[in-house]
Trainee: 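Input: one structure, supplied below.
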Amino acid sequence: MPRQMSEEKLREYGELKRFFEVWETQLFPNQFFAPDHPHHPINVLAAIEQRAGRSRALTGLKQAIGDILEGVQDLAPGQIAQLDDALRQAGALTLTLLLARQSKVFKAILRRGQIRNDTEFYLISAALSDTSSVRSETEIATLGSMVAAYEARPNNSFKPKPLRGSA
């Protein structure tokens, strides 16, 4: 049974969904699946929402948007500004705002010293693998320890399942 979401989470879901729809249909239309194909990202999101509820869909949506933000890290400021204008005109959150939010989340995780869920895991892992960022050895060690501790926890959904007949 889908979990109830707070008004704040419902608002967040709506804002992120609007961004994702604009990104996937107007700014960077999916090259692999037609808009009416069940595997088109917008349709996959709708299926998750219908099958598991908005709460579960929000988790996947955050991860998908995290991937988008990771992909735009190297864009020139002028390109970000152009995309921000198009997003704003479409009534969606801007990249600049989403990148700022992501930065705040990253800092909060670092202050806390612990990864709480898969979305945070992917954010920290991406930060560790970003060789263009200048990070102190201390910060790299802290992030690495946090990732290792999270990976060691049982029942993380990102862990691959053993193949049948192995292990």
Side-chain angles (χ1 to χ4, degrees), residues 1-21 23-24 28 30 32-33 38-75 93-167:
M1 181 172 169
R3 293 183 279 178
Q4 286 295 109
M5 291 177 67
S6 67
E7 287 298 317
E8 180 182 336
K9 290 291 183 187
L10 284 170
R11 182 185 48 76
E12 178 185 24
Y13 182 75
E15 291 174 345
L16 294 178
K17 184 177 179 181
R18 177 67 185 151
F19 169 85
F20 191 63
E21 288 169 345
W23 189 267
E24 289 290 332
F28 294 93
N30 191 286
F32 303 106
F33 301 109
H39 292 140
H40 188 280
I42 299 301
N43 300 328
V44 170
L45 178 63
I48 292 169
E49 183 179 335
Q50 184 178 24
R51 187 177 66 249
R54 287 184 185 156
S55 182
R56 294 269 185 188
L58 178 59
T59 300
L61 184 56
K62 285 181 178 179
Q63 290 175 3
I65 290 174
D67 290 344
I68 291 169
L69 296 178
E70 190 177 339
V72 302
Q73 293 288 337
D74 296 327
L75 293 180
L93 299 175
T94 63
L95 286 172
T96 301
L97 177 66
L98 289 170
L99 288 165
R101 282 185 185 177
Q102 187 180 57
S103 176
K104 286 180 185 178
V105 169
F106 177 83
K107 289 174 185 173
I109 297 166
L110 195 55
R111 270 193 309 274
R112 185 183 337 118
Q114 182 180 16
I115 297 170
R116 291 192 288 202
N117 56 46
D118 288 354
T119 302
E120 291 183 357
F121 170 80
Y122 288 117
L123 175 63
I124 298 301
S125 295
L128 268 174
S129 65
D130 181 4
T131 58
S132 66
S133 283
V134 179
R135 300 200 187 282
S136 70
E137 291 296 320
T138 304
E139 186 173 294
I140 292 169
T142 300
L143 295 173
S145 295
M146 290 167 47
V147 166
Y150 189 75
E151 288 175 331
R153 289 171 43 185
N155 302 324
N156 289 319
S157 64
F158 69 89
K159 286 185 178 181
K161 307 292 184 240
L163 297 173
R164 275 192 221 154
S166 65

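These numbers come from a predicted model, not from an experiment.
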Trainee: Starting at CD1 of I115, measure out to CZ of R153 and round the result to the nearest 0.5 Å.
Mentor: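 Here the rounded value is 9.0 Å.
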Trainee: Could you measure the distance from the OH atom of Y150 to the CD atom of Q114? Nearest 0.5 Å is fine.
Mentor: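 The OH atom of Y150 sits 10.0 Å away from the CD atom of Q114.
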Trainee: So, are E7 and R11 salt-bridged, with charged N and O less than 4.0 Å apart?
Mentor: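 R11 and E7: not salt-bridged.
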Trainee: Do you know which two heavy atoms are closest between L93 and F19, and how far apart they sit?
Mentor: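 Scanning both residues, the minimum pair turns out to be O-CD1, 3.3 Å.
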Trainee: Working to the nearest 0.5 Å, report the span between CG of L58 and CZ of R56.
Mentor: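 Answer for the CG-CZ pair, L58 versus R56, is 11.5 Å.
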Trainee: Looking only at heavy atoms, which two atoms of P38 and N43 are closest? And how far apart?
Mentor: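 Minimum heavy-atom contact is O-CB, 3.7 Å.
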Trainee: Check the orientation of F28 and W23. Use parallel for under 30°, tilted for 30 to 60°, and perpendicular for over 60°.
Mentor: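 Ring orientation of F28 relative to W23: tilted.
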Trainee: Evaluate the side chain to side chain contact (heavy atoms under 4.5 Å, CB included) criterion for residues R135 and L128: first the C-alpha distance (whole Å), next the side-chain angles of each, then the deciding distance (0.1 Å), finally the verdict.
Mentor: CA-CA 9 Å; R135 300 200 187 282; L128 268 174; 5.9 Å; no
Trainee: Take L16 and L98 through the test side chain to side chain contact (heavy atoms under 4.5 Å, CB included) and record every step on the way to the result.
Mentor: CA-CA 9 Å; L16 294 178; L98 289 170; 3.7 Å; yes
Trainee: Taking it one step at a time, do E49 and K17 satisfy side chain to side chain contact (heavy atoms under 4.5 Å, CB included)?
Mentor: CA-CA 11 Å; E49 183 179 335; K17 184 177 179 181; 3.2 Å; yes
Trainee: Salt-bridge test for E120 and R112: reply yes if a basic N is under 4.0 Å from a carboxylate O, no otherwise.
Mentor: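 Yes.
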Trainee: Could you tell me the separation between the CD1 atom of I68 and the CD atom of Q63, rounded to the nearest 0.5 Å?
Mentor: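 One gets 12.5 Å once the value is rounded to the nearest 0.5 Å.
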Trainee: Any side-chain donor-acceptor pair under 3.5 Å between E70 and Y122?
Mentor: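 On atom types as modelled, these side chains do not qualify, holding no pair under 3.5 Å.
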Trainee: Are any side-chain N or O atoms of S103 and backbone N or O atoms of L99, one a donor and one an acceptor, separated by less than 3.5 Å?
Mentor: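 Between the backbone of L99 and the side chain of S103 there is no qualifying donor-acceptor contact (under 3.5 Å).
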Trainee: Show the numbers, then the answer: is there a side chain to side chain contact (heavy atoms under 4.5 Å, CB included) between L45 and E24?
Mentor: CA-CA 12 Å; L45 178 63; E24 289 290 332; over 6 Å; no
Trainee: Compare every heavy atom of E21 with every heavy atom of I42, then report the nearest pair and how far apart it is.
Mentor: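 Looks like CD1-CA, 3.5 Å.
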Trainee: Tell me which one of L61, I124, T59, V105 satisfies side-chain contact (heavy atoms from CB on, under 4.5 Å) with T119.
Mentor: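 Between T119 and the candidates, side-chain contact (heavy atoms from CB on, under 4.5 Å) is satisfied uniquely by T59.
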Trainee: Does a salt bridge link K9 with E12, judged by any charged N lying under 4.0 Å from a carboxylate O?
Mentor: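 Result for this pair is yes, salt bridge flagged.
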Trainee: Which heavy atom of A57 sits nearest a heavy atom of I48, and at what distance?
Mentor: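 Heavy atoms only, the tightest pair is CA-CG2, 3.7 Å.
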Trainee: Find the distance between OG (S55) and CG (L10) and round it off to the nearest 0.5 Å.
Mentor: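 One finds 9.5 Å between OG of S55 and CG of L10.
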